[in-house]
Amino acid sequence: MSLRIYNTLTGKVEEFVPVNPPNVLIYTCGVTVYDDSHVGHGRSLIVFDVLRRFLEHLGYRVRFLRNFTDVDDKIINRAKQECTHFMSIANRYIASYYLDMENLKVKPADVEPRVTEHLPEIIEVIKGLVEKGYAYESGGDVYFSVSAFPEYGKLSKRNPEELEAGARVEPSEKKRNPLDFALWKSAKAGEPAWASPWGPGRPGWHTECVAMIFKHLGETIDIHGGGLDLVFPHHENEIAQAEALTGKPFARYWVHNGLVTVGGQKMSKSLGNYVTLREINSKYHPDILRLLVLFTHYRSPLDFSWEKMEETRRAYERLLNSLEDLELLKKLPNYEEKGTHPLFERVKSAEEGFFQALSEDFNTPQALAVVYNLISELNRVKNRAFSEGKISTQELQAYEFAVNSIHKNLKGVFGLLEDYKPECKVEKVVQRELEAGSVLDDRLIELLVEVRSLVRREKVFYVADLIREKLAELGITLEDTPAGTKWKRQ
RNA sequence: GGCAACGUGGCCGAGCGGCUAGGCGAGGGACUGCAAAUCCCUUCUACGGCGGUUCAAAUCCGCCCGUUGCCUCCA
C-alpha cells in the first residue's frame, strides 16, 4: 500500500515517493510562543500527527521536526507589557504547549528546535544568500531580493507583478522592492539582539525554518506542512531562500491543512473567536477533538462549535459502547457452530478499506465511515445475541477480533483510544473531571448494582428503580442487558 | 482590486463521470417489568443557478450568484 497526497506546489494529488526510502523527513511549522494554543493549532497538530502515524504504519522511518518560534515581535511586545524578559514569555508558552500536546496525545517530534538556539545556522544561511547575490544589506537590515529569484510565487500561484499591483505590501525605504522581505532585522533599543556581520539584530520570520531544516534534516525534505494560511508569504519565502541557496528542491510535497472557522470565519486571535486547547481539555476527553478533526477531510475548512463537539461526543460513545459490550457478550452462554464466522472476513475487508481510504489523499472521514459500518455490523450481532440470550463461540471470537482490529488501528494510526482498555469502564475514558476523593468508588457501585440485581430478580421493581434513580442523581447511569447490568459515570 | 478555494439531504460531512458514504438529529416499530443501550423502517426529486460535453454529470467545461481564505502576523 502506498500514499497519494495533494501537493500544494503542483496543485495535484500525487504518488508519495520519498527521496531516500524508507526514510521520510517531515517538517511542520510549529507555533510562535506568545499565547496559549487554540483549536486551529490543534487541528494542524492532529492532522500531521496522524499523517506521521500513517506513514509509520506504512513502514516508513519518519524523522519529524516541529519548531518553536521563540523570538518575534509578538513575544517581545508581550514581554514589554509584562515587564519581563522575552525568554520567560517563550518558556512559559512552550511549557503550556507541551501540556496541550500531552493532553491531546500528539506524539512529540523527534526534534523540536528553537530559533534562539540556531542563530549561527540562521546567520550562515543569510550570509550565503548575500554572497550569492540573492540578498542585500540595507541600514543594518538584510533583505531577500525577490526579483533575483525568478520562480518566486510558484507555491502560492502568484506572480510578483500582481503582488506589487496589490499594493498592500508595506513600503519601506530600506527595501529595493516592496516585495523583498527581511532576513535580518537590526535591533531597536531594548530589543533582544545577537551579533552578526550586519550588526546586532535578530532573524526575520522565514529564515529560521530553512536553517533548522538544513541543520537537522538536509537540503531536500519529503514533506513540509502547516496551515493553509502559511502558504503565503511564509512558505513561499522559505522556498525562495532555500532554493536560491542550494539550487535544489526544498521540499517535495507541500501539505497544508484547512483552517478552523467559527461561524464561517477563520478562528484567530485578532477576531477573538478562538477556543483554547486548554478549555477543550477541561470539558472533553482529547479523543473528542481528535475525532472531530478526523471527521473532516484535512484540506476542507472545519467550522468549530460546541454543538459539534457534543455531536462528536455522542458518536464517540457509540463507538465505545460497541467495543465495550464485548465484555458483556463474553458473559452469555456459548454454543458451538460449524465453520468460521463470516464476520472475520468483514473485519479484514474493513481494515483494508480503512487503509485504502487513508492512502487516497489521506481521507480520514472515509476511513471512519468504514469503521462505523463495521460498528453497525457488530451491533447487529450484539442485538441478535442479546435477544437470543446466547452467542456462538465462533461469533464471539469474530466480535473480539473486530474489537481488537478497530482498537489497534484507531489507536496506532488515529491516536484515539490511547487509554482505552477493554476491561475498564467507558466512563473512565470519557469522563474528564472525576470528582477527587469521590466516595463512589467502583466497588461500592458494583455492590449497589449487585443488590439491585437481586431485588429485580425478586421483582421488587420500586426498589430497583429507586437505586437507579438515586445513582443517576449521583451521575451513575445503569443499563440492564440480558448479560447483566452495565454501569457508567456520566 | 488581484489570486485561490468552496457551495451536497433537517444539520454536519465524504464522494468528483454510471454502483449504499458516514456521523448527529427527527418520526415509527422491535426488544425490555420500566428505563437505557441496540437493531429495523421512514426523513418524499441531496447535490447553488443557467447553459454545454457525454449513451450517462453532484462528479468534466463555460457563465452567473453566494460564502470563505490569502495578498500584513497567523496552524
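The chains referred to below are lettered A, B, ... by the order of the sequence lines, with proteins before strands, and numbering in each begins at 1.
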Taking salt bridge (Lys or Arg N to Asp or Glu O under 4.0 Å) as the test, write out the residues that go with A/Arg114, two or more places apart. A/Asp70

What donor-acceptor contacts under 3.5 angstrom involve side-chain atoms of residues 469-478 of chain A, with partners at least two apart or in another chain?
unit_1   : atom_1 : unit_2   : atom_2 : d
A/Thr477 : OG1    : A/Gln490 : NE2    : 2.9

Taking only residues two or more places apart in sequence or in another chain, which ones pass side chain to side chain donor-acceptor pair (under 3.5 Å) with A/His256? A/Thr8, A/His235

Residues two or more places apart in sequence or in another chain: which of them pass side chain to side chain donor-acceptor pair (under 3.5 Å) with A/Ser376? A/Arg318

Contact state string [nucleotides 19-37 of chain B, B base, S sugar-phosphate only, - no protein heavy atom under 4.0 Å]: --BSBSS-------BBBBS

Please collect all salt bridge (charged side-chain N to carboxylate O under 4.0 Å, His left out) contacts where either partner lies in residues 293-308 of chain A, sequence neighbours excluded, each pair once. A/Arg299-A/Asp361

Output the residues of residues 40-52 of chain A in contact with RNA chain B, where contact means a heavy atom of the residue under 4.0 Å from an atom of the strand; sort by number or write none. A/Gly40, A/His41, A/Ser44

Results of salt bridge (Lys or Arg N to Asp or Glu O under 4.0 Å) for A/Arg66 - residues two or more places apart only: A/Glu112

Going by the rule salt bridge (Lys or Arg N to Asp or Glu O under 4.0 Å), which residues pair with A/Lys74 if we only count those two or more places apart in sequence or in a different chain? none

Indicate whether the side chain of A/Tyr27 and that of A/Asn67 have a donor and an acceptor atom separated by less than 3.5 Å. yes

Could you list the residues that satisfy side chain to side chain donor-acceptor pair (under 3.5 Å) with A/Ser387, not counting sequence neighbours? none

Got a minute to check which stems RNA chain B is part of, using Watson-Crick or G-U wobble pairs under 3.5 Å, three or more consecutive? B:1-7 with B:65-71, B:10-12 with B:22-24, B:25-30 with B:38-43, B:48-52 with B:60-64

What residues in residues 223-231 of chain A put a non-hydrogen atom under 4.0 Å from any atom of RNA chain B? A/Gly226, A/Gly227, A/Asp229, A/Leu230

